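Everything below concerns the one structure shown next.
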Amino acid sequence: MSDPTPAAPVRVRFAPSPTGYLHIGGVRTALFNWLFARRHGGRFVLRVDDTDAQRNVAEALAPILDGFRWLGLDWDEGPDVGGEYGPYYQSERLPRYQAAVERLLAGGFAYRDYARPEEIQAERGVAEAAKEPYVASRRWAAETEADRARFEAEGRGFVVRLKMPREGQCRLDDLVRGEVVTDWAAEADHVVQRADGSCLYHLASVVDDIEMRISHVIRAEEHLSNTPRQVFIWRALGAEPPVLAHLPVVAEPGSRVKLSKRKLDKYLKNPEFAGLFERGRRIAERLGHHVAADTFNPVIVDFYRESGFLPDAILNYLLLLGWSLDDKTEILAADERIAVFTLDRVNRAPASFDPAKLLSFQERYMQALPAEERTALALPFLERAGWIASPPSDAERATVRAVVEAAAERLKVAGDILDYEELFVADEALACDEKAFDKRLRHAAGAPALLAALRAALAAAPGFAAPELEALCGDFVAARGLGLGAIVHAVRVAVSGKAVGFGLFDLLSILGRERVLARIDRALARLDQTRPAS
RNA sequence: GCCCCCAUCGUCUAGCCAGGUCCAGGACACUGCCCUUUCAAGGCAGCGACACGGGUUCGAAUCCCGUUGGGGGUACCA
């Protein structure tokens with residue numbers, strides 16, 4: 001299966017609004033556009049939708065562009081790179097929109113509407129009371145200079161409305177939806193220019209798409225219902241609409257409602273979503289980051305970057321949200337994605353965002369990386385946490401490398417390295433899980449004596465490499481007719497302050513004899529304080 | 001209200017266009033067992049879906065109609 005070969009050069013676009021954050025659903029849409037452009041040797045255009053931006057655009061756009069760069073979704077035209085169809089900021093294109101409105105007016109495709117808002121309201125009210133669809137009366141439509149003069153004499157202002165057809169049908173061919181037919185009569189006379197002279201999204205979008213020679217409009221399904229009015233504008237402006245493809249929306253976990261960054265509290269009730277969030281929060285807090293729902297939230301791409309996710313894992317997961325190659329392919333390398341992506345494999349139903357599956361992709365991608373690369377990814381987290389020097393010394397690098405290898409698949413995201421604080425903290429600053437300490441040492445009969453004996457054995461150990469320690473401990477328990485379990489837990493708590501972690505012998509080996517002995521001594525001393533020597 | 005879109009395991013999906021090989025396949029999650037020094041990971045097994053009702057047909061997850069449910073739109077938002 002494949003899409004029809006595009007006749008004209010492929011030019012697609014993604015038009016982010018400078019909101020200060022990159023939404024994961026937006027990334028999915030952008031990814032499909034990007035993939036389509038790359039597959040067909042086309043251009044991926046980034047156009048900034050800042051027509052009504054009150055805030056500092058540069059500031060609000062930066063996180064979005066950074067997000068795209070981090071993900072590797074490079075754009076061929078747009079902010080920072082320019083292009084021959086600029087400007088790429090809609091705020092700089094206002095005169096073009098005005099010109100388009102003039103053309104619509106001149107061609108009889110739009111009219112100046114001098115109705116007052118309350119008059120429109122009244123007409124609507126009548127229609128609703130009669131349970132009939134509202135149809136604009138066009139009573140205040142000025143189509144001649146005389147009309148205008150008359151209305152203006154009454155002190156009226158105007159907006160420009162589309163003069164929509166009242167019969168016939170709008171047929172559009174959507175690459176994903178197939179043929180979609182609507183009655184023109186169901187369309188309202190939409191406003192394209194406000195009373196203050198500024199233009200609306202639908203008009204601006206179409207004008208830009210025409211002028212930027214956009215060949216395919218690939219966007220979320222929420223725009224499907226709005227497409228007929230855009231088709232009207234396209235044709236009124238003398239252009240044929242581009243090829244359309246409406247993607248299913250990315251929905252909330254376990255639901256079909258569009259994913260929104262504002263409903264974090266609700267999503268946190270989903271255990272898997274909460275787990276994902278919790279993991280990120282733990283990492284962010286250790287880095288001393290302020291965790292605000294506005295900026296730190298799994299609906300926003302920055303969350304993943306700050307937690308140490310891999311862009312490739314996210315992209316691969318997102319690709320499969322609403323698209324599939326076949327009945328089994330899951331992992332697709334970056335170049336494969338480009339090679340096999342076609343719009344005819346896009347699904348029509350909304351796809352709900354599954355945090356657990358995303359994590360699973362992350363695990364797979366992480367594990368596929370050589371230890372060297374995982375180490376390189378982990379290092380910056382430790383530096384930012386202040387647990388190692390920046391830049392790290394060779395000794396620190398070696399330690400981190402050893403920790404990464406010992407942690408193995410426990411390191412799901414790079415930020416998980418921060419779970420191993422005990423390997424980087426000074427002996428006297430080591431935190432202790434008191435429950436574990438009680439269970440394994442304070443209230444475990446015989447454990448302190450065994451620990452003390454093992455300490456002596458460790459002090460005398462010929463070597464401190466993990467296999468040597470394992471042999472030593474094995475002999476130690478065997479000589480006493482015990483299993484490894486008899487000492488492992490006590491040693492772990494004494495040395496790491498924790499009940500869980502990676503292999504004990506790796507832990508001891510990385511810590512080194514000196515610190516291991518010192519920590520055991522400290523634990524033993526604590527026991528003496530709380531319990532008279534027996 | 002009106003218009004448009006959608007409907008296979010809890011979730012992502014394959015199959016649907018070209019009806020039989022589907023008492024529906026894979027993945028994630030979940031459950032159990034194995035492995036095991038903890039936690040992970042891994043291995044094995046299990047649970048689990050064609051929304052409903054009519055048609056068409058020898059035969060329907062696949063085609064048609066309807067119902068129900070869900071989503072989106074209907075702004076001088078994008």
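Order of the sequence lines sets the chain letters (A, B, ...), proteins ahead of strands, with each chain counted from 1. Nothing here was measured: the structure is a model prediction, and the numbers come from that model.
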Self-check item: Base partner of B/A45, which must satisfy Watson-Crick or wobble distances under 3.5 Å
Solution: B/U31

Self-check item: Any donor-acceptor N or O pair under 3.5 Å, side chains A/Ser496, A/Arg492
Solution: no

Quiz item: What closest approach, in Å, do A/Val340 and A/Trp323 show between heavy atoms, and which atom pair accounts for it?
Solution: O-CZ2, 3.7 Å

Quiz item: Is any N or O donor-acceptor pair between the side chain of A/Lys357 and the base of B/A27 shorter than 3.5 Å?
Solution: yes

Self-check item: A/Arg410 NZ/CZ over A/Phe502 ring centroid, <6.0 Å and within 45° of normal
Solution: no

Quiz item: Just checking A/Val181: base, sugar-phosphate only, or nothing, at a heavy-atom cut-off of under 4.0 Å?
Solution: sugar-phosphate

Quiz item: Which is true for A/His190 with a 4.0 Å heavy-atom rule: it touches a base, it touches only sugar-phosphate, or it touches nothing?
Solution: nothing

Quiz item: Where the side chain of A/Ala349 is defined as all heavy atoms beyond and including C-beta, which of B/C76, B/C6, B/C5 is the nearest nucleotide?
Solution: B/C6

Practice problem: Looking at every strand, decide which applies to A/Gly503 at a 4.0 Å heavy-atom threshold: base, sugar-phosphate, or nothing. | Solution: base

Quiz item: Which part of the nucleic acid, if any, lies within reach of A/His223 when heavy atoms closer than 4.0 Å are counted: base, sugar-phosphate only, or nothing?
Solution: base

Quiz prompt | Options B/G73, B/C4, B/U11, nucleotide nearest the side-chain atoms of A/Ser352 | solution = B/U11

Quiz item: Between atom CD in A/Glu222 and atom P in B/C5, what is the gap in whole Å?
Solution: 17 Å

Quiz item: Within the structure, does a side-chain N or O atom of A/Arg440 lie under 4.0 Å from either OP1 or OP2 of B/U38?
Solution: no

Exercise. Check every atom of B/C28, B/U37, B/G73 against the side chain of A/Asp354 and return the nucleotide holding the closest atom.
Key: B/C28

Quiz prompt | Proximal nucleotide (of B/G26, B/U13, B/C4) relative to the A/Asn347 side chain | solution = B/U13

Quiz item: What nucleotide, of B/C28, B/U13, B/G70, holds the atom closest to the side chain of A/Arg364?
Solution: B/C28

Practice problem: Say whether, by atom type as modelled, one donor and one acceptor occur between the side chain of A/Arg28 and the main chain of A/Leu321 under 3.5 angstrom. | Solution: yes

Exercise. Quickly, which of A/Arg282, A/Arg279, A/Lys412 forms a salt bridge (charged side-chain N to carboxylate O under 4.0 Å, His left out) with A/Asp419? Name it, please.
Key: A/Arg282

Self-check item: Among B/G26, B/G72, B/C5, the one nearest A/Arg177 by side-chain distance
Solution: B/C5

Exercise. By nearest nucleotide on RNA chain B, pick out whichever of A/Phe158 and A/Ser324 is the more 5' one.
Key: A/Ser324

Quiz item: Contact class for A/Ala499 (heavy atom, under 4.0 Å): base, sugar-phosphate, or nothing?
Solution: base

Quiz prompt | Per A/Asn226 side chain, nearest of listed nucleotides B/U74, B/C76, B/C39 | solution = B/U74

Quiz item: Where the side chain of A/Leu484 is defined as all heavy atoms beyond and including C-beta, which of B/U37, B/C12, B/C76 is the nearest nucleotide?
Solution: B/U37

Quiz item: For B/C17, does either OP1 or OP2 sit under 4.0 Å from a side-chain N or O belonging to A/Arg345?
Solution: no

Quiz item: Taking the side chain of A/Ala356 as heavy atoms from C-beta outward, which of B/A29, B/C4, B/C3 is closest to it?
Solution: B/A29

Practice problem: Among the candidates B/G71, B/G26, B/U38, find the nucleotide nearest to the side-chain atoms of A/Val500. | Solution: B/U38

Quiz item: Contact class for A/Lys498 vs. all strands (heavy atom < 4.0 Å): base, sugar-phosphate, or nothing?
Solution: nothing

